[in-house]
Amino acid sequence: MHRRRNVYVSLVLVGSLAGCTAGTTGETPPAASPPASSQTDPAAGIPLGEPSVLAEGITGTPWELVVMDSGSSLVSFRDTGSIGELTENGEVREVATIGDAVIQGTSGVLGIALLEGAEGEPTYLYAFYTADDSQRIVRAPLTGTTGSYALGAFETVLDGIPRGERHNAGRIAFGPDGMLYAATGDPDQEHAQDPESLAGKILRLTPEGEVPGDNPTAGSYVYSLGHRNIEGLAWSADGTMWASEFGEDAWDELNEIVPGGNYGWPEIEGEGGAPDFIDPVLTWSVADASPAGIAVVDNTVFMANLRGESLMAIDVSDPAGATFTTYFRGEFGRLREVDLAPDGESLLVLTSNSDSNGEPREGDERLLSVPLETAAG
């Protein structure tokens, strides 16, 4: 039914690309946070040619895609509190509404993830959303097929995640180990370093909402801490976990996540070199990135950028010397989500120009298809 967002194909190096633009280093960094980013020739696994439009005129601030092998995608809509189906012919139909979702600022229905059941067991759709008093992760059984997907009653998996009007993170994804990972924001800049708080963290939980016995700290959901606002989670084929993170006013980050790691916020934004904190693999000025969703193909992390209005291909084959290339700068506006299509030969990219920080363009929002070069291509 469903293809995981981290599907790996062998990609070959391609030279130039019509429509790509060079990255920029952006603002002059503060002395305490030197730039870690570098720009190089296109990384392995770059997009080819111009994107095609699969759907347009999508309203409600679409936030995350769950790509189905059937050709449809399930979509979370932040600003309507709903989950919909985007069919192959570009039509959107409502599947369910989360009635107590609070739509405020960048709050609402955010990340979604699918867990297929074994034979005879239900398949569940999970959703991360903002409620009146906290943020929650819920799940509901998914039934039907293309054009008829439906959700049963929602049940709470995890509650009590601190919330704010903005910077709530909200990305969720199932890892290669079958556990559910949830990125939570630190809207008050007070909780990311507190190991007892669920804010400013990556949480790891069982599909039923329990604390796994092999988490870094016994009895705690916390998998890593010191995060401000993660909106992208994905894994390489070798199990390496990656996260894209909004900075405040200086540096956005791509981080390699390790169990129990502390990534420094709010003590450090960007690179700091402090022994107690893990530095990012790459940084960008907030004007050049403001990263949202990511997807991993082979050794390339693709990152959708909002304020940077671009798609980046980041070669992480050597994390210590990671490099990146920027594509489509300004061509489609703000980009919210990137995923691998079921055919494994193209990326699906979702725009986000109609939210509170964007300026809608004619036809927004759009779902784009970006071809990839494969070894067989």
Side-chain angles (χ1 to χ4, degrees), residues 6 33 36 111 113 126 128 135 137 157-162 167-248 251-283 291 294 296 301 314 316 318-320 322:
N6 308 307
S33 184
Y126 290 70
F128 184 113
Q135 297 197 103
I137 300 172
V157 175
L158 181 63
D159 202 349
I161 301 169
H167 313 138
N168 286 311
R171 188 70 63 171
I172 59 175
F174 280 96
D177 56 2
M179 297 293 119
L180 181 64
Y181 292 78
T184 67
D186 186 26
D188 299 325
Q189 303 184 20
E190 297 177 353
H191 304 295
Q193 291 297 321
D194 179 359
E196 301 299 321
S197 172
L198 298 182
K201 310 295 191 298
I202 295 176
L203 309 178
R204 180 175 182 260
L205 53 151
T206 70
E208 296 75 29
E210 303 297 327
V211 176
D214 58 348
N215 268 10
T217 300
S220 172
Y221 289 109
V222 175
Y223 189 74
S224 63
L225 68 160
H227 300 293
R228 179 178 180 269
N229 188 25
I230 289 173
E231 288 197 13
L233 293 176
W235 287 262
S236 301
D238 64 0
T240 302
M241 186 179 184
W242 302 96
S244 60
E245 183 164 349
F246 273 86
E248 184 178 29
W251 296 106
D252 296 326
E253 304 174 358
L254 178 71
N255 285 299
E256 180 179 347
I257 303 300
V258 298
N262 189 331
Y263 292 81
W265 176 259
E267 303 301 322
I268 291 175
E269 181 179 358
E271 263 197 358
D276 294 335
F277 302 133
I278 298 173
D279 278 344
V281 171
L282 287 176
T283 63
I294 61 174
V296 180
V301 176
I314 306 164
V316 293
D318 175 16

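- Scanning all heavy atoms of the two residues, the minimum distance from Ala169 to Gly185 falls at CB-N, 3.3 Å.
- Contact between Met241 and Tyr181 at its shortest, heavy atoms only, is CE-CD2, 3.6 Å.
- Judged by distance alone, the side chain of Asp194 and the main-chain N or O of Glu196 form a donor-acceptor pair under 3.5 Å.
- With rounding to the nearest 0.5 angstrom, the CG atom of Leu205 is 6.5 Å from the OH atom of Tyr221.
- Side-chain atoms of Thr206 come within 3.5 Å of backbone atoms of Gly209 as a donor-acceptor pair (strictly under, hydrogens ignored).
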- Would His167 and Phe246 satisfy side chain to side chain contact (heavy atoms under 4.5 Å, CB included), going step by step from the backbone distance to the final call? CA-CA 9 Å; His167 313 138; Phe246 273 86; over 6 Å; no
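- A heavy-atom distance below 4.5 Å is not found between the side chains of Glu245 and Asp252.
- Side-chain atoms of Gln193 and Asn262 include a donor-acceptor pair closer than 3.5 Å.
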- Item | Verdict with reasoning, Val316 to Val296, per side chain to side chain contact (heavy atoms under 4.5 Å, CB included) | CA-CA 10 Å; Val316 293; Val296 180; 5.8 Å; no
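- Panel note: side chain Tyr263, backbone Glu256; a donor-acceptor pair is recorded below 3.5 Å.
- A distance of 10.5 Å separates CG of Leu180 from CD of Glu208, quoted to the nearest 0.5 Å.
- Put simply, the side chain of Glu269 gets close to the backbone of Glu248: a donor and an acceptor are under 3.5 Å apart.
- His227 and Asp186 make their closest contact through O-CB, 3.7 Å (heavy atoms, listed as atom of the first residue, atom of the second, distance).
- In this structure, Pro187 and Asn168 have side chains that are in contact, with non-hydrogen atoms separated by less than 4.5 Å.
- Asn215 places a side-chain N or O within 3.5 Å of a backbone atom of Ser220 that can act as its donor or acceptor partner.
- Between Pro319 and Trp242, the closest side-chain pair of non-hydrogen atoms falls below 4.5 Å.
- Put simply, CG on Asn255 and CD1 on Ile230 are 7.0 Å apart, with the number rounded to the nearest 0.5 Å.
- Gly160 approaches Leu198 most closely through the heavy-atom pair O-CD1, 4.0 Å.
- Here Ile294 contributes atom CD1 and Trp235 contributes atom CH2; the two are 9.0 Å apart, rounded to the nearest 0.5 Å.
- The side-chain heavy atoms of Arg204 and Asp214, taken from C-beta on, include a pair separated by under 4.5 Å.
- Under a 3.5 Å cut-off, the side chain of Ser236 and the backbone N or O of Asp238 do not form any donor-acceptor pair.
- Contact record, Leu233 with Ala243: CD2-CB, 3.9 Å, taken as the closest heavy-atom pair.
- Taking the six-membered ring where the residue is Trp, Phe174 and Tyr126 present perpendicular rings, their angle passing 60° and hence far from 30°.
- Of all non-hydrogen atoms in Ile172 and Ala182, the two that sit nearest each other are CG2-CB, 3.8 Å.
- The distance from atom OG of Ser244 to atom CD1 of Ile314, rounded to the nearest 0.5 Å, is 8.5 Å.
- Atom-to-atom distance recorded for Ile278:CD1 and Glu271:CD is 13.0 Å, nearest 0.5 angstrom.
- Proximity of Leu254 to Pro280: side-chain heavy atoms (C-beta onward) are nowhere separated by under 4.5 Å.
- Looking at Thr184 and Phe128, their side chains come closer than 4.5 Å, going by heavy atoms from C-beta outward.
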